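All heavy atoms count here, side chains included; hydrogens, waters and symmetry mates do not. Quick caveat: nothing in here was measured; it's all calculated off a predicted structure.
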Amino acid sequence: MKNRFYHTVKKVMAGVLAVALAAFFTACSSGAAASSAASAAGSEAQSQGAAKNFKIGVIQYATHPSLDNCYTGFKAGLEEAGLKDGDNITIDFQNAQGDNANGDLIAKNMVSKKYDMMMGIATPAAMSAYSAAKSTDIPVVFTAVSDAVAAGIVKSNEKPEVNCTGSSDVLPLEQQIKMIRAFLPNAKKIGILYTTSEPNSVSQLAQFKELAPKYNFEVVDVGVTNASEVAAAAATAVSKGVDCINNFTDNNVVDNLSSVLQAAGKASIPVFGSEEEQVKNGCLASQSIDYVALGKETGKMAAKILKGEAKASETPVYMVKDCTPVYNKAVMDKLGLTLPSEYSDATAVTK
C-alpha cells in the first residue's frame, strides 16, 4: 500500500514537471518571437529613417544665368546621389531678388520651419542662411561664394569648424589679367565696379590691385551700395578714361550687366566677364568657370551630409580648379579687335 502511494506521488510529480517544462519552453519560444518581432520592427524603423523625405530650403540671391546654373547643378548633384526633389526630398526654392533683407527674412522663415538643410547661392544668400541657422543644428551649404572666410561663414576652407560648407567660385584673376593684356596690348587702365558690402568683391578687388602692376595696369575702382547705382558707376568709370571694364562675380554688377555694357559701348571699350554667360550676353571674353559643375559639387556634398555620411563642420570647401577661355566673336569684330594667338583654342560663344 505504501509502495503504491509513493508510486502515485511519483507519477503526479512527473506530470507536474512535464507541465512546468512545457510552459518554460513555450515562454522561451514566445520571448524569442517577441525579440525577433522587435528586431524586425527596429530594422523597419531604421529603413524608414533612411528613406526620410528631407526638406531643403534654397535661397538664391538674384536671378541671373550663372546663379541659375548653380541651382541646376545643385539638383543634379543631389539626384546623382539618389535624392530627387518630389521623390525623397522636398526643395523650397526662393529668390531674394537681390535684396539682403529679403534673404534674411527668407532664411529666418526656413529655420522656423525646421528644415533639414539650408543652401545659399551667392555670398549674400549664404550669409543670410548661415546667420539664421548658426544657433540651430540645421546644416548650411553654399555655392558661388568666392571667399567664404572673408564672408565669415567658415573658419577656414580646409576645415570649416562650423555647421556650414560648400563650393567656392574663386576667380583665376591672374589668368584674367593676362587675357586682358593679350587682347589690349596698349591698354593702361582697367575699370572695376564692385559692391562695397560684398566681402567676395572686396577681397577680389584687393587681389586684382595687387596683381595689376605686374602687367602694367592701373585699376580704377568704383564702389556701389546697391543695384540702382551700377549704371552711374559704369558711366563714372568710363569718364575716368578706362580702356576696359572687368567684371568679378559681384551680384549687383552682374545682375545689371546691360547697364555696364551700355556705358562701355558708348565709349567703344570692351567689358571682360567672369564666366561664359556674361560673354554670351555681350562681354568680350573671360576665363570662364563652369557654374553647373560647381553647383553639382555642392549637391553631392549636401547629399552626404543629409545621409549622415559627413559633417559640414569637417567637410572642406570645394575650390574650383579649372577655367576655360571663351570669347564673343561678334563683340570682338564690332570693336575691331583680333583674337590673340595664345587664345587660338579659346571657345567662341554666342547667345
Side-chain angles (χ1 to χ4, degrees), residues 53-75 78 85-86 89-154 160 162-169 194-203 223-230 248-256 291 294-295 298-299 301-302 305-306 312-313 317:
N53 188 303
F54 295 108
K55 293 182 179 179
I56 305 173
V58 176
I59 307 170
Q60 182 169 310
Y61 180 64
T63 301
H64 57 73
S66 57
L67 301 188
D68 295 342
N69 285 344
C70 284
Y71 182 52
T72 297
F74 179 66
K75 291 190 292 182
L78 287 169
D85 187 26
I89 59 172
T90 300
I91 297 177
D92 177 8
F93 174 86
Q94 296 194 46
N95 196 305
Q97 303 300 331
D99 189 315
N100 291 349
N102 284 345
D104 291 344
L105 181 60
I106 291 168
K108 288 176 183 176
N109 286 336
M110 288 178 173
V111 167
S112 70
K113 293 177 182 178
K114 298 181 179 180
Y115 284 172
D116 297 291
M117 173 175 281
M118 291 171 64
M119 190 270 203
I121 303 176
T123 300
M127 292 172 69
S128 293
Y130 176 71
S131 178
K134 65 181 179 181
S135 61
T136 73
D137 60 356
I138 300 173
V140 175
V141 295
F142 58 78
T143 189
V145 173
S146 301
D147 193 337
V149 176
I153 56 177
V154 299
V162 292
N163 204 14
C164 181
T165 190
S167 61
S168 175
D169 58 343
Y194 73 104
T195 302
T196 56
S197 60
E198 279 201 28
N200 57 305
S201 296
V202 174
S203 173
V224 301
T225 59
N226 56 58
S228 67
E229 297 176 0
V230 173
F248 294 142
T249 50
D250 187 288
N251 292 285
N252 280 320
V253 178
V254 175
D255 204 28
N256 291 274
Y291 277 92
L294 191 71
T298 311
M301 190 182 295
I305 294 169
L306 285 170
S313 60
V317 174

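Under the 4.5 Å side-chain criterion, counting only non-hydrogen atoms from C-beta, Ile106 is not in contact with Ser128. Residues Val111 and Met118 are in side-chain contact: their nearest non-hydrogen atoms beyond the backbone lie under 4.5 Å apart. Inter-residue side-chain proximity for Val162 and Tyr130 is flagged as met; some heavy-atom pair is nearer than 4.5 Å. Residues Ile91 and Tyr71 have side chains in contact (heavy-atom distance under 4.5 Å, counting atoms from C-beta outward). You'll find the side chain of Thr196 stays beyond 4.5 Å of the side chain of Val202, heavy atoms only. Looking at heavy atoms from C-beta onward, Asp169 lies in side-chain contact with Tyr291 at the 4.5 angstrom threshold. Contact annotation: the side chain of Ile56 never approaches that of Asp116 to less than 4.5 Å [non-hydrogen atoms, C-beta and beyond]. Using a 4.5 Å heavy-atom cutoff, the side chains of Lys55 and Asp92 are not in contact.
In this model, no donor atom of one side chain and acceptor atom of the other lie less than 3.5 Å apart for Asn163 and Ser313. If you check the side chains of Thr195 and Asn251, you find no donor sitting under 3.5 Å from an acceptor. For the 3.5 Å distance criterion, the side chains of Ser167 and Thr143 qualify, holding a donor opposite an acceptor.
Listed by chain and number, the residues in a side-chain contact (heavy atoms from CB on, under 4.5 Å) with Ser168 are Val170, Val317, Met319 (sequence neighbours excluded). Every residue two or more places apart in sequence or in another chain was checked for a salt bridge (charged side-chain N to carboxylate O under 4.0 Å, His left out) with Asp104, and none qualifies.
Here the CD1-CD1 distance, from Ile121 to Ile59, works out to 9.5 Å after rounding to the nearest 0.5 Å. To the nearest 0.5 Å, atoms CD (Gln60) and CE (Met119) are separated by 8.5 Å. One finds the OG atom of Ser66 at 10.0 Å from the CG atom of Leu294 (value rounded to the nearest 0.5 Å). Atoms OG1 and CG, from Thr63 and Leu67 in turn, are 8.5 Å apart once rounded to the nearest 0.5 Å. The NZ atom of Lys113 sits 12.0 Å away from the CD1 atom of Ile138 when rounded to the nearest 0.5 Å. Ile305 contributes atom CD1, which lies 4.5 Å from atom CE of Met117 (distance to the nearest 0.5 angstrom).
Remark: of the listed residues Thr123, Thr298, Ile153, Ile153 is the sole one forming a side-chain contact (heavy atoms from CB on, under 4.5 Å) with Phe142.
Closest heavy-atom contact between Ala96 and Asn102: O-ND2, 3.1 Å. In terms of heavy atoms, Cys164 sits closest to Pro160 at O-CB, 3.1 Å. For Val145 against Ala126, the heavy-atom pair with the smallest separation is CG2-CB, 3.8 Å. Taking all atoms of both residues into account, the shortest heavy-atom contact from Ala132 to Thr136 is O-CG2, 4.4 Å. Scanning all heavy atoms of the two residues, the minimum distance from Leu78 to Ala302 falls at CD2-CB, 4.1 Å.
The main-chain N or O of Asp68 is found under 3.5 Å from a side-chain atom of Thr72 such that the two form a donor-acceptor pair. When atom types are taken as modelled, the side chain of Tyr61 and the backbone of Gly98 share a donor-acceptor pair closer than 3.5 angstrom. Between the Ser203 side chain and the Asn200 main chain, no donor and acceptor come within less than 3.5 Å of each other.
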Where do Phe74 and Val141 land on the side-chain contact (heavy atoms from CB on, under 4.5 Å) test, with the steps shown first? CA-CA 10 Å; Phe74 179 66; Val141 295; 4.3 Å; yes
May I have the step-by-step check of side-chain contact (heavy atoms from CB on, under 4.5 Å) for Phe248 and Val253, ending in yes or no? CA-CA 8 Å; Phe248 294 142; Val253 178; over 6 Å; no
